[in-house]
Amino acid sequence: MLNFIDTVGEAVAGIQDGSTVMIGGFGNAGQPFELIDALMDCGATDLTVVNNNAGQGDQGLALLIKEGRVKKMICSFPRQSDSWHFDAKFRAGEIELELVPQGNLAERIRAAGAGIGGFFTPTGYGTTLAEGKETRFLDGKWQVFETPIHADVALIKALKADGKGNLVYRKTARNFGPIMAAAAKHTIVQVSELVPTGGLDPEVIVTPGIYVNNIVKVA
Amino acid sequence: MLNFIDTVGEAVAGIQDGSTVMIGGFGNAGQPFELIDALMDCGATDLTVVNNNAGQGDQGLALLIKEGRVKKMICSFPRQSDSWHFDAKFRAGEIELELVPQGNLAERIRAAGAGIGGFFTPTGYGTTLAEGKETRFLDGKWQVFETPIHADVALIKALKADGKGNLVYRKTARNFGPIMAAAAKHTIVQVSELVPTGGLDPEVIVTPGIYVNNIVKVA
Amino acid sequence: MSLETSIQTSDKPLGRDDLARLVARDITPGSFVNLGIGQPTLVSNYLEPEQNITLHTENGMLGMGPEATGDQIDGDLINAGKIPVTELPGASYFHHADSFAIMRGGHLDICVLGAFQVSATGDLANWHTGAPDAIPAVGGAMDLATGAKDVFVMMTLLTREGVSKLVETCSYPLTGIGCVTRVYTDKAVFLTGPDGVRVRETFGCTLEELQALVPVPLKAA
Amino acid sequence: MSLETSIQTSDKPLGRDDLARLVARDITPGSFVNLGIGQPTLVSNYLEPEQNITLHTENGMLGMGPEATGDQIDGDLINAGKIPVTELPGASYFHHADSFAIMRGGHLDICVLGAFQVSATGDLANWHTGAPDAIPAVGGAMDLATGAKDVFVMMTLLTREGVSKLVETCSYPLTGIGCVTRVYTDKAVFLTGPDGVRVRETFGCTLEELQALVPVPLKAA
């Protein structure tokens, strides 16, 4: 069910302790900063967070991690020059890390949205990230079995939404948004602009409204 | 390598006997009729054809089948009120049929383009179309192992192409075009309009030119 | 008055259009729905705008409108039955893998399908008669049966020969296992599930009369 | 003149920019290319327009242009290294699964990556030093290593301690097995494959001098 919501606080109010939360964005592009801040404020804890990175600087996801609200990160690239909050928690053994090659991360999220129970991919074969995983020789290559990543909630950022919840994005800020919207049970979107139904060309819609639950406009 | 070609005959000239050929379209929408006619004229035979249907009436794919050029059809819906050429060949035992649920057909084509060696899906579990296939209980459901469908050539129809081979489609004529373009080694596209590079908004391109080899404008 | 008569809501069997109206009325407002080829397509005639139902068509569209007529007809805009349709405001187009990801990923609230047979536990047979000379065609039926949150079937209760299509075990090849949740027929609406068949309402017959036609145990819902 | 000297094409080791120029020159016109973070990014400075190379960035774009400067900088338009870039005519955007499908589906002609180590048979180690206190980060390295038709590595031949990074067997954790086809270093260009290492050209050393630095058997290409 689609709801247009006035504040980011109300938009994230239903997120429960222990949830798996997908957060869009690659670096700062496409990060739903206002929704992450609202998640910080709403108090939900014991979270598993799916994001490409593990927070940067002293804002957004990095703060959630610093405050001990994230028990596990599923990501491809946690270590960055400014990932000090994650680094500290990780070294202290206070956060769990599931490190996933970025393409596996994307494909596993896509699989969850598309109803695929698992798939074989050559990525990671023979590496420590495939240790203990089932392997199979297919299409002339050794491949590794990977499973979908489901989520309770996705927090994503789009450029525009129409009255049916259809979304379009902007440039490389699109990144994980469309696949996370499809993979989560409940998708919360912050947009820069709301347009009337019929205000988006049906040919250019990237995320159909069927994948969207809460929409909040952020100034 | 991208080539802009003047005639459909030249565009399909490289198709070899014994090739697997994906043909876009669902019903008549998105069917590359001119390219199919050119395939008819070029003489290639012993083909495996991947299409949602198995030809209708006395044109296009139906004619290829009538002339005995297709040894095997991979499709989801061969039987239609006007599929008489397929019906006759099938009853005569002169054509092989791999019947695939339409969603498996689409996902298997997508898998080929995306480098996925195989995947599990609930579709078809417990039915005759899954007989003999590996099954596994995943995500709370019994699922069936399906493998990618690769092709030597794809023949598809798009609305416009730019100078880089980027494509946009029109309404439900989009259907199998984008996934077949990605799955085939060599993708041949008929378009209604050519526009200069830069003439398509980068946000709305459906098939990036990396998937396209031969483009021919059809009046 | 017996319990049986209390669930009889019509004094005669429902026609196809009345049945379609009933299905339409039962669809929760705001739902995303796929209507199968044939009889289920009639449901679209009875959806009210205030229900805010979004129709999906497997060939790559959400927000499908009514059948196209006259100048509206556009060969590039068809439904799963290859019939020209129209586009409503807020529609969107996508390719076949994305379209089936909507179906297979469990995002559709309801699909409405025709059937040859439905079993007491909700198994569906609707793609193949199993006749040795029949040419099979499956289309998207298995994806819809497996993927939609609820699968409604619309069919006549009896074959032309008077045999019940609601059966203990399907004799025709299956489309999906345990997937059907409701069966709308001319004589009754059945709720199917792991615990067997309950009857929500009957049309032109009592539950007792209905039970005489159907080879599976029935009870009122 | 010995065979060895005939493949020496420079009288001194190549600097990073000269090496980037050499890689750029070696890329077949019309190719689709992904340039990894760090040294490989320099290659984009030396691609000639007439080569008609299309650059892919893993975060969802084909047709990436040079680094953005001044007013061009747009936070929504960045590369895999999170550096603002520009868009060339004919560019396209897509989501992450579609972007990695391009990489994993074998559609990129070449990717150019940095490396900690490359083995004689083309194994690549470039994501993790294996140090017990290191926090690992892999990004798209394994997808590129496995998916691109050709994987070129750019690195200095020796570590700061003077140890060859071209090795018999990688001691660092692997990124991919047998994936590297060429290794561009300051001292030589190596061709790697199942049959071992051949040297295409040397810079500032003879093949014999090079062999003294590298613990795997070398022969001229």
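Everything numeric here is computed off the predicted structure, so don't read it as measured data. Computation of the quantities below employed the complete heavy-atom set of this structure, encompassing side-chain atoms and omitting hydrogens, waters and symmetry-equivalent molecules. To find a chain, count down the sequence lines: A is the first, B the second, and so on, and within it residues start at 1.
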Counting heavy-atom pairs under 4.5 angstrom with chain B, the leader among Arg104(D), His107(D), His56(D) is His107(D)
For Lys219(D), does the NZ atom have more than 12 heavy-atom neighbours from other residues, nucleotides or ligands under 6.0 Å away?
no
Which heavy-atom pair separates Pro208(B) from Leu62(D) by the least distance, and what is that distance?
CB-CD1, 3.5 Å
Proximity breakdown for Ile116(B) and chain D, heavy-atom pairs closer than 4.5 Å:
side chain
Side-chain contact test, heavy atoms from C-beta onward, threshold under 4.5 Å: evaluate it for Leu108(D) versus Ile210(B) and give yes or no.
yes
Shorter than 4.5 Å, heavy atoms on both sides: which option in Asp162(B), Leu200(B), Asn166(B) has the most such pairs with chain D?
Asn166(B)
Would you sort out whether Thr28(D) and Met1(B) count as a side chain to side chain contact (heavy atoms under 4.5 Å, CB included), showing the intermediate values?
CA-CA 11 Å; Thr28(D) 306; Met1(B) 187 60 77; 5.6 Å; no
CG of Asp201(B) to OH of Tyr93(D): how many Å apart, nearest 0.5 Å?
9.0 Å
So which residue, Ile102(D), Leu88(D), Thr54(D), ends up with the most heavy-atom pairs under 4.5 Å with chain B?
Ile102(D)
Name the option with the most non-hydrogen atom pairs under 4.5 Å to chain B; the candidates are Ala91(D), Gly106(D), Gly30(D).
Ala91(D)
Heavy-atom pairs under 4.5 Å with chain D, option from Gly198(B), Gly163(B), Pro196(B) with the top count:
Gly198(B)
Just wondering, are more than 12 heavy atoms of other shown residues or ligands nearer than 6.0 Å to NZ in Lys82(D)?
yes
Step through the shown structure and confirm whether more than 12 heavy atoms of other residues, nucleotides or ligands are within 6.0 Å of CG on Asp71(D).
no
